[in-house]
Amino acid sequence: MNNDTLIPYIGVVTDIRQDTPDVKTFRVVSPEGGKVFEHMPGQCAMLSIPGVGEAMFSITSSPTNREFMEFSIKKCGCLTTWLHAMDVGQQITIRGPYGNAFPVETELKGKDLLFIAGGIGLAPLRSVINYVRDNRSNYGDVQVIYGSRSKDDLVDYQEIIDEWMNDDGIEVNLTIDNPQEGWDGHVGFVPNYVKELDPSINKTVLICGPPIMIKFTLAGLKELGFKETQVYTTMELRMKCGVGKCGRCNIGNKYVCKDGPVFRFDQLGELPDEY
Amino acid sequence: MQEAMINKAKQLLADGVVDRVIGWKRGEFAYDITPAVFTSAEELDESFVYDDFTAANVSKYLVKESRKDGKVLAFLKPCDTYSFNQLVKEHRVVRENVYIVGIPGGPKLDAEKIKAKGITGILSVKNENYTLKIETVYGEESMPFYEAVLDKCASCKSKKHVIYDELMGEEGDVLDSNRFDMVEKLENMTAQERYDFWREQLSKCIRCNACRNVCPACTCEKCVFDNPDSGIENKAPADSFEENMFHIIRAFHVAGRCTDCGECSRVCPQNIPLHLLNRKFIKDINAFYGEYQAGEDAVSRAPLNEYKQNDCEANIVHERGVE
Amino acid sequence: MLKISLDKLDKLFEAISATKTLYIPTDREDGAAEYRKYESGMKLSSALNTVRSAKDFFFPQTENLVDFKMDGKNIEVIDVREESEDFVIFGVRACDARSFTILDKVFLAEPVDSYYKNRRDHGTVVAMACTRPAETCFCGTFGIDAAAPEGDAACYSDGESLFIEAHNEKGQQFIDSIASLLKDGDTSKLEEVRAKTREILKKLPLAKLTTDNFGGDKLNEYFNSDKWGELSESCLGCGTCTFVCPTCQCYDIKDFNTGHGIKRFRCWDSCMYSDFTKMAHGNPRLTQLERFRQRFMHKLVYFPANNNGEFGCVGCGRCLAKCPISMNIVKVMKALEVK
Amino acid sequence: MQVNENKEFQPLIVAFCCNWCSYAGADLAGTNRLNYPDNIKIIRVPCSCRVNPMFILRAFQRGADGVILCGCHPGDCHYTSGNYFTRRRMTLLFSMLDFLGIERDRTRVEWVSAAEGAKFAATMNEFTEAVKKLGPNRRLEDLRCRKQ
Amino acid sequence: MQRIGVFVCHCGTNIAATVDVKAVAEALGREPGVIVSQDYQYMCSESGQNLVKNAIKEHKLTGVVVCSCSPRMHENTFRNAAASAGLNPYLVEIANIREQCSWIHKDIASATEKAIILGKAAVAKVHLNAPLTAGESPVVKRALVIGGGIAGIQTALDIAEAGFDVDIVEKKPTIGGKMAQIDKTFPTLDCAACILTPKMVEASQNEHITIHSYSEVADVKGFVGNFTVTIKKKARFVDETKCTGCGLCTEKCPMKKVPNEFNMGFDNRSAIYIPFAQAVPKVATIDPNNCMMMKTGKCGVCSKVCSAGAIDYKQEDRLIEQQYGAIVVATGFEPIKLDKYDEFAYNQCPDVVTSLELERLMNAAGPNGGTLLRPSDKTHPHKIVFVQCVGSRCDDSKGKPYCSKICCMYTAKHAMLIREKYPDTEVYVFYIDVRTPGKNFDEFYRRAVEQYNVHYIKGMVGKVTPRSDGKIDVQASDLLANEQLHIDADMVVLAAAIEPDKTARPLATMLTTQMDTNDFFTEAHPKLRPVESATAGIFLSGACQGPKDIPETVAQASAAAAKAIVLLVKNSITCNPCVAHSDELMCNGCSSCEKVCPYGAITYIDKEFKMPDRTIAVRRVASVNPAVCQGCGACTVACPSGAMDLNGFSNSQIIAEVDAICK
């Protein structure tokens, strides 16, 4: 019988990084070494501890990473609590990749890119950012606006300051919600910071973060003159079985597992307000 | 009766006594009647119905309806008043937001029983002197009224309204019902026969939850079977969960609270006689702890929430009846 | 057409079950019909249809997907799939026969569901034309001819004989396997019977119901209709309609800890249930109105939007007969319809 | 499952014991070295009234062959009345199980005080024998949980 | 996922001899979430505890399972160890592999397997343990002593001396109890009244002590540190505050034919009476069953003669309610009824008496002014037979299975006193064994035999038959001489077994304390906590816990007082955090839980909620008072929705244990 996508592979957790107090990044490889499967930026994988639960997470590492996949996971439910407590060497099950990807090889190619992320929302975008960094010549200007509650809640802070900020082709703008000792960067909410920075309206925007942030940022972008067709987001939280058959991930006639999770805002606008 | 009820409802709406009316709405066919809320005389005239098929117990809807603003008129049949009273006792309805008009009850008809006679393509059903005249696409059929009566009505326990603000028609009495006959019959079988009977019945269960969701005693904010933290959450019929857990626990949860309204069996798409489980508990409670009818009043203690020092020991079960 | 005398049905069933597992609708003790594995002496039900639909054969209410064994930090994945045995479902009505093509569109679309496909590959659907449709039938609304059912093969009764014809290769193989019992027969009386059936179909109370005003293009119009509140207010939120429905195919995947391993199973889910869309982060459909709306929007709008206009309902009428509060797709269509 | 030399059926029995009387009674049985079969596995609960019928059904679902519930003697409940409620609940539950055709000897309620170590041991011996006679629980088990 | 440590104790060889502890540790080490699994010789020892503490720190454990003896033994030890290592103490679970495994099984293979299963159940449970924090509840600085015998008096005096208020509730009109009826005490032969009455007076005069005589405990509510007790002060028809105890009324009372309980019915008292001269309080009491005024309304003599105007025929029972922090039970004992012992002719022959009756017959304040005379004809007895173990050490249903402990010694005392005072009287003692463990006890007994020539005969009396000539025929067997004896006795004295006071059982129910099968109160631990009941805040003093002589009673009384004082000096006590709690989102407000709560710990509040369907609703929900809840869990089963759960014994925890045992 053919392999069925509902039957997962085994992944081994080879590295666990505490990013923020409630976010850890897990490095996963197959028991034989190497990646469990290939993916494109924005795609997701279903991770599970049998008996505990199964949940969809975006793959935060870039496809250009040939050795492993990474997942940045916030502790919020039963499964994630379990994942946060485990040690290196633990096996998990993994199936995927699921969903569409950010159109890095088509619509985004050659474009100036603006990434806007809030909190754990950086996780799905990190894959794209690193993909773009590794294929730098295919894209125009790259700007990242990333905000979090505090300095300690910035996911992948080390990578951002060590690599992204040292990368000539990327402009990184960080912000935190409230002033904090040891922070001399910008303070303020992401939507306001975006308006302050007043990015060029030629840019294509990839946004991910808490719904409230997205709502206000989108409004701000529109004020600045951005069109909905320029803005992409991902709705991987709404994914369920991953294969578009279980019938629970639909928003109107669109199935997030199959037609998403990456949507352009003009596409979302056509759907009923049920997300 | 229907006319009188519509008039009563219109009048109470017009007088401002109530803001809404909960009753039954006409369907596509003679028998597919849906409980509904009416807010105007026009709606009442258009589709309010009370006839031989309006069997649904609307008291459970009052859990929600009575918490809304304004007052709702509920037409309750005698059996429905027991359910409502029990809900009052358990603080599940806001009594003062409900205006109850007691109406005469059944016996109500069961469309399935008509269909079971091979009568199909039903266009209309008329009761002429307790003979049903049934018009179908295949011609006219007829059958005795009492052969189409719902099981729950055939073993009616009471024609008395135990709670109401106003009564339409004559008040009835508590009946000397034969409702425990089937329970007794099962009790007299051997354990193997009982086991076979219940396996056959309960294995039909598709866990659609209709029994639970219609049950006026099952008004939990969150059912244990839906709650992953309860330890017994379960969604689908998996192995023998329904036979071994679901129906037993459900019956136990309503033990001493079930008013024997019979809705569980009425709505079961697989015709499982679920009411027998509840009646078994009622019969046992009566035998062990004295006669008790849930819903009869709104103050007495439920039998499982009280005790006597000289209650029988659990081994009474081992000592009596058929092994 | 090939035929066999109705009084030789036993022989026919014996012959089929000699080589393959055979399921036929048969009457239960309580009078209702259900599919059961054929055993000698079992009689074909005279009822119009079974309480549960025939979808169970391909999409069972619960099925084991995969097993896991946990040992310290290690996990072992055990593929529990087995090649299905060959089986025949006999006596499938036109509505249910159509439902399989609807299920196919979901489960056989990429990525193919191997569990479903396995059973679909091994199952032969032998449909049976209706002669006494009920008032709840409205298969015609969805372009189904109850007198000419689909399926791998179809049977028709003229009151004396059962006529059998194949619709495809699998059906032909089925007929070949029982060829010795069949002989050519005159279909003139059968045509009369079918014509009469079609006459009755036209006279059914729901015969005039059409899907003309439904479809993928009506999304926002119907989604935002103000009728949903009234329609859903008495809905109990049970799963009866979805579980008796031949086309409802939503499922949930859960783990069961047996104490010595984990069984991951798939079970039917119902959009009417409050936890249907529940996620760790919340639930986008918090009210019964939204859940109720999902079911009918799915069948009447979303499904056609994604499947070239085909509707997700076959008009079998089960939900009309079984809904505890008699709310159903017909009432919804009539209430919702904007011409 | 336990393997005995003569391959006699070894039932799995769950005993719910209240902390104040029966669990102490079981301890006393231990202190006095009063043997009872290792088929008995005790779960400590504060009071017999803590035992939800669903625990009992769960044990059967998972393959227990017998369930016994032990509490303080009526009138002696550490919490005054807990065992009286237990008595009503279990009487009705057992009656229901009997009604469903489940072997009635698989379930039992026994009152064992903290001083009755000997009674505890005797009860457990006797109950184990009774369950042994019934053979494995086949009517309430979940096949998925059956040991391969 | 949890990080669990498993610690398997050998308990020397107590566990390790029957359970392969290494195999247990190894098997449990493979359970999910178990990070470390070790075994050790004595886990409860300091080094054993250090092992646990170090592992908690080193492995950042989130849960600990100790496979050892009963949790009733060392649960607190390991909880404290965990707490000192920074782990919440309620994240510790004990698997009882000693009392419930190694001690009852012989086969190593099966005992090991069972130990592993019990360990797995504990691991499964600890996975779901939540850290609990104990609340505090204030302590009422007042103690109640139930029973005013020597035990109660001593306890009250000690507590009062520590500076706490203490109330004595005594059901009789006076305190003093059985000791007041005793003539002399062994082995010193000093006068009981002489040493008791000063203590009675001391108690009555102590400013911290309130004596509720002629009173009973009617109801007990609450819990340790905060009991609410209803005391029924029975109507004595005499105003205690006015009565001076002059005794004029008792002299003038025309009704003088009431059998005097204090003298075991050997003489009479009046209907209004003071039990004995040194009674405390020295207040008269009207016995309404015999008072002419009460029965017929005609008389009123006492009222007329009472210059203090203390008589009040209309007095009614009065209920008073009082708060206490601690309760000491000192309900004492009484001799068993001898109705079932026809062979000893107790009911047929007045000259067959019990030992307690003999005390009164010999007492200077007794019916004969201290001269020992036969009750039947008031003659001097010349031959007295003592029968030991009447109803004690019985294996039939007539008597008690236990040894009453004091009979051997008081019989030696009686024999000696009689021989001393009436050297012409022959004394026979029939015994099974003579038990004299105690300071100077055996010497005392030997004096009786050697110095006073008491005839000790090992053997049982078979039949006692009163003869028409006034003599009593005692048939007995001498087991040592192996011969049948017939003794023509003048008196027979039966050493009746003692049993707990009849009021003890209903009291135990009110107090929610345990009793053993003989209705003696059960101590929290037979060796280590002998004066505490298993119910917190309830202490045991004297013979209510088991047969005792006076010095033992007094010792235990002081010990109970000390335990009560330990409680009363605290301003607050830590509550048991294993209490019920209601998930408000799931609660139906149906009141089922409230109905089954024995403590009234559940109330209902109307609270505004954001409902799942986005509406705002005011819902009635249950709320548990954690200081009042005792954690029985009755509510958790009564609750249909499962909203009510119990900390430490949650539904999911118990189900996890069930699953682990059944897997």
Side-chain angles (χ1 to χ4, degrees), chain B residues 22 24-25 27-37 43 53 56 58 60-61 64-65 111-113 115-118 120-123 136-138 200-201 204 206-214 222-223 226-228 233-239 241 263 266-273, chain C residues 28-32 34 46-48 51-52 56 61-64 132-137 200-201 203-206 230-231 233-244 251-252 254 256 263 265-270 272-275 318 320-328 330-331 334:
Chain B
I22 187 156
W24 301 266
K25 190 172 180 170
E28 290 294 320
F29 318 115
Y31 55 79
D32 64 334
I33 282 157
T34 305
V37 175
E43 283 176 8
F53 286 102
V58 297
K60 188 176 183 179
Y61 290 109
K64 250 188 152 171
E65 284 299 324
E112 299 258 325
K113 290 206 169 165
K115 292 179 186 174
K117 293 268 174 193
T120 185
I122 301 166
L123 298 172
T136 79
V137 283
Y138 302 102
E200 164 89 21
Q201 291 298 336
K204 294 191 295 195
I206 56 172
R207 257 315 283 292
C208 64
N209 292 317
C211 51
R212 177 191 74 182
N213 290 17
V214 81
K222 189 176 193 112
C223 175
D226 290 347
N227 180 1
E233 181 234 11
N234 186 290
K235 202 170 216 166
D239 193 61
F241 185 84
E263 286 286 271
R266 182 181 71 84
V267 302
C268 178
Q270 290 282 51
N271 306 331
I272 305 171
Chain C
R28 267 193 328 232
E29 218 175 315
D30 64 11
E34 70 177 5
S46 57
L48 176 65
V51 177
R52 300 178 75 158
D56 298 50
Q61 187 158 11
T62 166
E63 73 178 306
N64 195 190
R132 274 176 74 83
E135 71 278 8
T136 50
C137 292
I200 289 165
L201 285 166
K203 286 198 291 189
L204 290 177
L206 303 178
E230 191 186 315
L231 287 166
E233 79 187 345
S234 52
C235 177
L236 299 172
C238 75
T240 309
C241 53
T242 50
F243 288 0
V244 297
Y251 62 78
D252 195 0
K254 288 177 163 291
F256 177 79
K263 284 193 179 295
F265 65 100
R266 160 159 81 183
C267 62
W268 294 355
D269 205 343
S270 172
M272 293 292 183
Y273 288 168
S274 56
D275 61 353
R318 284 188 178 87
L320 278 67
K322 290 298 178 184
C323 174
I325 52 118
S326 299
M327 179 44 67
N328 54 55
V330 171
K331 287 183 180 175
K334 289 191 171 177

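Note: hydrogens, waters and symmetry copies are ignored here, and every other heavy atom, side chains too, is used.
Between the side chain of R28(C) and the backbone N or O of Q270(B) there is at least one donor-acceptor pair closer than 3.5 Å. Using a distance-only test at 3.5 Å, with no hydrogens or angles considered, no donor-acceptor pair links the side chain of S270(C) to the main chain of T242(C). A donor-acceptor pair under 3.5 Å links the side-chain atoms of R318(C) to the main chain of V51(C), judged by distance alone.
Comparing K204(B), E263(B), R212(B) by heavy-atom pairs within less than 4.5 Å of chain C, the highest count is held by K204(B). Heavy-atom pairs under 4.5 Å with chain B peak, among C267(C), S234(C), C323(C), G237(C), at S234(C). When the candidates V330(C), D269(C), V244(C), L204(C) are compared by the number of heavy-atom contacts under 4.5 Å with chain B, D269(C) comes out ahead. Ranking V214(B), N213(B), V267(B), I22(B) against chain C, the residue ahead of the rest is N213(B), based on heavy-atom pairs under 4.5 Å.
Side-chain polar atoms of R207(B) and Q61(C) form no donor-acceptor pair below 3.5 angstrom.
Counting heavy atoms from C-beta on, the side chains of T62(C) and R266(C) never come closer than 4.5 Å.
Neither the backbone nor the side chain of Q201(B) has a heavy atom closer than 4.5 Å to any heavy atom of chain C. The contact between A321(C) and chain B is made by backbone and side chain atoms together, counting heavy-atom distances below 4.5 Å. Only the side chain of R52(C) comes within contact range of chain B, with at least one heavy atom under 4.5 Å from a heavy atom of that chain. Proximity to chain C is limited to the side chain of E233(B), based on heavy atoms less than 4.5 angstrom apart. Using a 4.5 Å cut-off between heavy atoms, K115(B) touches chain C through its side chain atoms alone. Both the backbone and the side chain of I325(C) come within contact range of chain B, each with at least one heavy atom under 4.5 Å from a heavy atom of that chain. Proximity to chain B (any heavy atom under 4.5 Å) is shown, for N64(C), by neither the backbone nor the side chain. Looking at A56(B), neither its backbone nor its side chain comes within 4.5 Å of chain C, counting heavy atoms on both sides. Interface remark: R266(B) contributes side-chain atoms only to the contact with chain C (heavy atom separation under 4.5 Å). Contacts of L123(B) with chain C are made by side-chain atoms alone, with heavy-atom separations under 4.5 Å and no backbone atom involved. For chain B, the nearby parts of T136(C) are the backbone and the side chain; heavy atoms of each come within less than 4.5 Å. Contacts between A116(B) and chain C at a heavy-atom distance below 4.5 Å are absent for every atom of the residue. Contact of F256(C) with chain B is not made at all, since no heavy-atom distance falls under 4.5 Å. For chain C, the nearby part of K25(B) is the side chain; its heavy atoms alone come within less than 4.5 Å.
Annotation for K113(B): atom NZ counts as buried by contact number, over 12 foreign heavy atoms lying within 6.0 Å.
Residue E29(C) holds its CD atom at 12.0 Å from CG of N271(B), rounded to the nearest 0.5 Å. Taking CG from L231(C) and NZ from K331(C), the interatomic distance works out to 10.0 Å, rounded to the nearest 0.5 Å.
Minimum interatomic distance between A134(C) and L48(C) (heavy atoms only, all atoms of both residues): N-CD2, 3.6 Å. Pairing each heavy atom of F243(C) with each of I206(B), the nearest pair is CD2-O, 3.2 Å.
With Y138(B) as the aromatic partner, R132(C) meets the cation-pi criteria of under 6.0 angstrom to the ring centre and within 45 degrees of the ring axis.
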